[in-house]
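Residue numbers start at 1 and run along the sequence shown. Counting convention: from 1, in listed order, for ligands and their atoms alike.
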Amino acid sequence: MSFVELRNICKKYKGNERYSVENFNLEIEPHEFIAFVGPSGCGKSTTLRMIAGFEEITSGDLFIEGKRMNEVAPRDRGISMVFQNYALYPHMTVEKNIAYGLQNMKVPKDEIKKKVDYAINMLGLEEYRKRKPKNLSGGQRQRVALGRAIVKNQKLFLMDEPLSNLDAKLRVSMRTEISRIHREIGATTIYVTHDQVEAMTMADRIVIMKDGIVQQVGKPMDLYDHP
Ligand code: ADP
Ligand code: ADP
């Protein structure tokens, strides 16, 4: 059974004449790293937001672990989303930012500590745990955002251009880091980017989109290696 299945997913925003996403079909296996690639406006974020449940599906069916998504409450869907603008709490330290979601989920204190320590260690944030976001670099902030997603132990990671605000050098090193985290925690990841190289170096399979329509789906080698 596939982990996530999109069946003829379509999206037309109210007031728009055109569909933003048309007949999107895809089966994602457990532990796969999938990238959605294509130019700005081709429907990547819209598709991701429908999977996250932030955006209504106009028509089609979406299944997560064989269950129709609209039959599962958002908090039971096991989804973590990482955004490009980090969305950290400015008044909280690194460790509090990472712990916050768990406190809301009423996780016991000692367990929160264990998970936060694990994430901080994995992300190399030990030195910065008492700092607030304004005293961190862009890369460190993005790591905190990843930490928040990791500690929740969710099975499905959705990432919308998480590296696009970072400088080129950091983008390259964070690629490796995100791939490593994906493998280490055994997640299934859907990663949105307009950067083909990013997709090629990170993803198991790439979905190429244009004007709301899936053009190709395949392994990086099969899509880009031939002239
Ligand atoms: P991206 O290209 O990175 O997805 P955009 O700058 O296109 O980001 O969109 C940013 C936000 O604006 C999103 O929340 C999106 O839903 C919203 N948005 C984009 N296009 C429109 C539109 N035509 N009408 C209303 N909201 C839009
Ligand atoms: P991408 O993520 O590939 O940049 P989006 O999914 O953000 O593309 O946008 C796909 C299309 O849907 C664009 O034409 C955009 O203007 C439109 N769109 C996105 N969000 C909204 C929105 N909230 N309201 C209306 N139109 C939107």
>> Whether Lys11 engages the ring of Tyr13 as a cation-pi pair (distance to the six-membered ring centre under 6.0 angstrom, angle to the ring normal within 45°) should be assessed.
In response: yes
> What do you reckon, does Cys42 put a non-hydrogen atom under 4.0 Å from ligand 2?
Replying inline: yes
>> With a heavy-atom distance limit of 4.0 Å, tell me whether Thr47 approaches ligand 2 through its side chain, its backbone, both, or neither.
In response: neither
>> Give the atom numbers and elements of ligand 2 that come within less than 4.0 Å of a heavy atom of Pro39.
In response: 3 (O)
> If you count the atoms of ligand 2 from 1 in the order shown, which ones are under 4.0 Å from a heavy atom of Ser20?
Replying inline: 11 (C), 12 (O), 17 (C)
> Who's closest to atom 13 (C) of ligand 2 heavy-atom-wise, of Gly43, Gly41, Ser45, Gly212?
Replying inline: Gly41
>> Less than 4.0 angstrom from a charged side-chain N to a carboxylate O is my criterion; do Asp222 and Arg205 meet it?
In response: no
>> For Lys114, is there an ion pair with Asp110 - N to carboxylate O distance below 4.0 angstrom?
In response: no
> At a 4.0 Å threshold, what atoms of ligand 2 neighbour a non-hydrogen atom of Ser40?
Replying inline: 4 (O)
> Any heavy atom of Gly15 sitting closer than 4.0 Å to ligand 2?
Replying inline: no
> So is Arg49 in contact with ligand 2, going by heavy-atom distances below 4.0 Å?
Replying inline: yes
> Take atom NZ in Lys12; do more than 12 heavy atoms of anything else shown fall under 6.0 Å from it?
Replying inline: yes
>> Judged on heavy-atom distance to atom 20 (N) of ligand 2, which of Phe36, Tyr19, Tyr13 sits nearest?
In response: Tyr13
> Are Ile79 and Ile64 close enough that some pair of their side-chain heavy atoms sits under 4.5 Å apart?
Replying inline: yes
>> What I'd like to find out is whether the side chain of Pro162 reaches to under 4.5 Å of the side chain of Gln142, using heavy atoms alone.
In response: yes
> Is there side-chain contact between Val144 and Tyr128, with heavy atoms separated by less than 4.5 Å?
Replying inline: no
